[in-house]
Undergrad: 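Structure incoming, see below.
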Amino acid sequence: MSFFPHLPILIPYSPGLPWWWDPIWWIFQIVAMTGLVFYFNHLADEVDHARNREEGPSRLPGKDSG
């Protein structure tokens, strides 16, 4: 059993995947998932900023409005 995942489908009389496939697949997954994390973080920041603009300046508890 190897560390890197591989396709669970066995093809009869196939020499298998090339040696470079597993590391390239892991690199692709790391880049793609990191990109998604940054993208969703950016979207969440935009939603937060839009909500703060709609609500106006927040008031702290215990502060007088005047």
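In this chain, residues are counted from 1 in sequence order. Computed from a predicted model, the values in this text were never measured in an experiment. All heavy atoms count here, side chains included; hydrogens, waters and symmetry mates do not.
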Undergrad: Can you list, pair by pair, the side-chain donor-acceptor contacts under 3.5 Å of residues 42-50, counting residues two or more places apart and other chains?
TA:
residue	atom	partner	partner atom	Å
H42	NE2	E46	OE2	2.7

Undergrad: Find out if a path of hydrophobic residues (ILVMFWY) with successive side-chain heavy-atom gaps under 4.5 Å connects V37 to V31.
TA: no
Undergrad: State the CZ-CD1 distance between F28 and I24, to the nearest 0.5 angstrom.
TA: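 It comes to 11.5 Å.
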